[in-house]
*Asks:* 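Okay, here's the structure, questions in a sec.
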2 protein chains.
Amino acid sequence: MVTKAEREPQPRLPLTRRRILGAAIELADAEGIAAVTMRRVARQLGVEAMSLYHHVANKEDLLDGMVDEIVRKIEDELGVFTVEKGTTGWQQKLRHMMLTARRVMLRHPWAPAVIETRTKMPPSLIRYFETILGTMIEGGFSYDLAHHAMHTLGSRALGFNQELFVPDTSAEEQESNEMFAAMMAELPYMVGMLSEISHDSPDSTLGWCDDQTEFEFGIDLILDGLERLRDQGT
Amino acid sequence: MVTKAEREPQPRLPLTRRRILGAAIELADAEGIAAVTMRRVARQLGVEAMSLYHHVANKEDLLDGMVDEIVRKIEDELGVFTVEKGTTGWQQKLRHMMLTARRVMLRHPWAPAVIETRTKMPPSLIRYFETILGTMIEGGFSYDLAHHAMHTLGSRALGFNQELFVPDTSAEEQESNEMFAAMMAELPYMVGMLSEISHDSPDSTLGWCDDQTEFEFGIDLILDGLERLRDQGT
DNA sequence: ACCTGAACACCGTTCAAGT
DNA sequence: ACCTGAACACCGTTCAAGT
């Protein structure tokens, strides 16, 4: 159930690719990517599922388009803020781009997973990487180091960290005492870390870690490493 | 079409969870993760789809189990080789673990995507991270730094790099001349990088990049950065 | 040119029934 | 206890038909 009416009141504006992508993104934001089916997106627009196929080739193309729109949002947000003072160094520029991208991603939590399953880069993403690359080259990187840097940044360039373990606290509280005792015995380091971490990070999204802090730690470590390699002329 | 007969010749060995997971992994290896449906896995075992539900709760549980099996394979491979000479430092130990994990992942290319969609950690993965964590703590890390380190390594700890852009060469060759001319104009840095990279890396999986080299570059940059932070007592 | 309705070949999963 | 067959409520996509 999306909040907006599933039938448009308007006399029917013409269906366009952009309008379809917008509806799909709204749906994904509201109900998760699983809700994005051809039939549901169509219903959202007051139209039959088959009508979509006149504007998108198939579902993969729909997902490609959604990613393209999301990256455009990053570009838009950068366009507004990028002309700031004081962000002169390549390191600050990249940091700013990545944190901006992250803000957009946090608004569309389904996007990282969809991006990672894409098999071809949408045009906006190529432009985005061109900007990152240009920042590095103008910052004194060789093409070779810049290339390595792109791979090392990976998804962080787009503002997200592939979080491998997202332990849900609810499940954790269910399997309580004896489970924890067994853990103490077999996983001493894990238990040690958790007991030290858990009371330090009140802002945690998941009860454990402050994702924003971890994201920034990661990019800073990588950016510092890259600067060192640039200075020794790799 | 999988090479092995879809009907088992044996008088019918009893269905077990391990046997189901094994069949699912075989299927994913041979035909990709999309071929792993309850019906297909069942057929592979000469059984009806519904029979699987006596050993796995549902499809998510099946996927959880597949990941668990894959991580066990890493543990097995580590068990054999881990008692080597000369791998005394924490850096070499971690490097060795990650490269071992990577060898396993390369044999099961569907695994990274499945791992990233898991919502809870399978037991083998907890054990695996305990080993990594222990290596860091014994190597002089604070729990806090070790925690940041886990987040920074991310999927690299399991041997894969979230490759964002996997441009397929076939598509690239199709949209040839005018496309490339437009690219020259709008994407000068990209073109510059590509022309320098392309003739340097003959071993590339995709025609562009040597994934193994990029993986090692990334982990080494991160490990070096961590060592520096450890030494300054963060 | 754009949209539709019925239909096809799939899914995961439930349920009542078999042995 | 373990396996089955039919059925349900979905998918993405094709095709021929409407305007």
Side-chain angles (χ1 to χ4, degrees), chain A residues 1-2 6-28 30-67 110 113-114 117-120, chain B residues 1-2 6-28 30-67 110 113-114 117-120:
Chain A
M1 335 268 135
V2 167
E6 303 237 332
R7 284 217 102 118
E8 301 277 295
Q10 290 90 336
R12 164 132 29 174
L13 26 163
L15 211 49
T16 64
R17 186 181 166 88
R18 283 306 277 282
R19 229 157 71 77
I20 291 172
L21 298 179
I25 288 173
E26 257 186 56
L27 203 48
E31 301 187 41
I33 194 67
V36 179
T37 68
M38 299 304 272
R39 284 166 166 89
R40 290 278 273 120
V41 172
R43 186 143 59 91
Q44 203 68 15
L45 293 161
V47 110
E48 292 301 309
M50 296 313 101
S51 307
L52 304 180
Y53 284 87
H54 287 273
H55 302 94
V56 298
N58 48 38
K59 190 169 180 189
E60 280 300 287
D61 186 35
L62 175 70
L63 294 172
D64 286 347
M66 290 171 75
V67 170
W110 49 269
V114 175
T117 59
R118 289 315 81 204
T119 167
K120 59 182 179 187
Chain B
M1 338 270 135
V2 167
E6 302 236 333
R7 284 215 103 118
E8 301 277 295
Q10 290 92 335
R12 162 131 32 171
L13 25 164
L15 212 48
T16 64
R17 186 179 167 89
R18 285 306 279 281
R19 228 158 71 76
I20 291 171
L21 299 178
I25 289 173
E26 257 185 58
L27 203 48
E31 301 187 43
I33 194 66
V36 179
T37 68
M38 299 303 273
R39 284 167 166 89
R40 289 279 273 122
V41 172
R43 185 145 57 93
Q44 204 69 14
L45 292 160
V47 109
E48 292 301 309
M50 299 311 103
S51 307
L52 303 180
Y53 284 86
H54 288 272
H55 302 94
V56 297
N58 47 40
K59 190 168 180 190
E60 280 299 288
D61 186 36
L62 175 69
L63 295 172
D64 286 347
M66 290 171 75
V67 169
W110 48 271
V114 176
T117 59
R118 288 317 80 201
T119 166
K120 59 182 179 188

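Worth saying up front: this structure is predicted, and the values here are computed from it rather than measured. Below, all heavy atoms of this structure are taken into account, side chains as well, without hydrogens, waters or symmetry copies.
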*Asks:* Does the pair B/Val47 and B/Arg19 meet the rule for a side chain to side chain contact (heavy atoms under 4.5 Å, CB included), with working shown?
*Replies:* CA-CA 12 Å; B/Val47 109; B/Arg19 228 158 71 76; over 6 Å; no

*Asks:* When you measure from the side chain of B/Met38, which nucleotide among D/dG12, C/dT14, C/dG12 comes out closest?
*Replies:* C/dG12

*Asks:* Return the nearest nucleotide to the side chain of B/Thr37; candidates are D/dC3, C/dC11, C/dC3.
*Replies:* C/dC11

*Asks:* If only side-chain N and O atoms of B/Tyr53 are considered, is one of them under 4.0 Å from the OP1 or OP2 phosphate oxygen of C/dT14?
*Replies:* no

*Asks:* How long is the line joining CZ of B/Arg39 and P of D/dA6, in whole Å?
*Replies:* 13 Å

*Asks:* Find the partner of C/dG5: check Watson-Crick (N1-N3 plus N6-O4 or O6-N4) and G-U wobble (N1-O2, O6-N3) distances, both under 3.5 Å, and reply none if neither fits.
*Replies:* D/dC15

*Asks:* Ignoring the backbone of A/Arg40, work out which of D/dC11, C/dC3, D/dG12 is nearest its side chain.
*Replies:* D/dC11

*Asks:* Considering only side-chain heavy atoms of A/Glu48, which listed nucleotide, D/dT4, C/dG5, D/dT13, is closest?
*Replies:* C/dG5

*Asks:* Do A/His54 and C/dC2 share a donor-acceptor pair, side chain to base, under 3.5 Å?
*Replies:* no

*Asks:* Side chain of B/Met50 only, please: which of C/dT14, D/dT14, D/dC11 is the nearest?
*Replies:* C/dT14

*Asks:* Does D/dT4 have OP1 or OP2 under 4.0 Å away from a side-chain N or O of B/Ser51?
*Replies:* yes

*Asks:* Please report the distance, rounded to the nearest Å, between CG in A/Leu62 and P in D/dC11.
*Replies:* 14 Å

*Asks:* Give the rounded distance in Å between these two atoms: NE2 of B/His55 and C1' of D/dC3.
*Replies:* 10 Å

*Asks:* Starting at NZ of A/Lys59 and ending at P of D/dT14, how long is that distance when rounded to a whole Å?
*Replies:* 15 Å

*Asks:* Rounded to whole Å, how long is the line connecting atom CD1 of A/Ile20 with atom P of C/dC2?
*Replies:* 11 Å

*Asks:* Could you give the CZ-to-C1' distance, from B/Arg43 to D/dT4, as a whole number of Å?
*Replies:* 17 Å

*Asks:* Just how far is it from atom OG1 of B/Thr16 to atom CZ of B/Arg18, taken to the nearest 0.5 Å?
*Replies:* 8.5 Å

*Asks:* Quick one: which of C/dT13, D/dC15, D/dC3 gets closest to the side chain of B/Asn58?
*Replies:* C/dT13

*Asks:* Nearest heavy-atom pair of B/Ile20 and B/His55: which atoms, and what distance?
*Replies:* CD1-CB, 3.6 Å

*Asks:* B/Ala57 or A/Ala49: which one's nearest nucleotide on DNA chain C is closer to the 5' end?
*Replies:* A/Ala49

*Asks:* Of all heavy-atom pairs between A/Val114 and A/Thr117, which one has the smallest distance, and what is that distance?
*Replies:* O-OG1, 2.9 Å

*Asks:* What are the two closest non-hydrogen atoms of A/Met38 and A/Val56, and how far apart are they?
*Replies:* CE-CG2, 4.1 Å

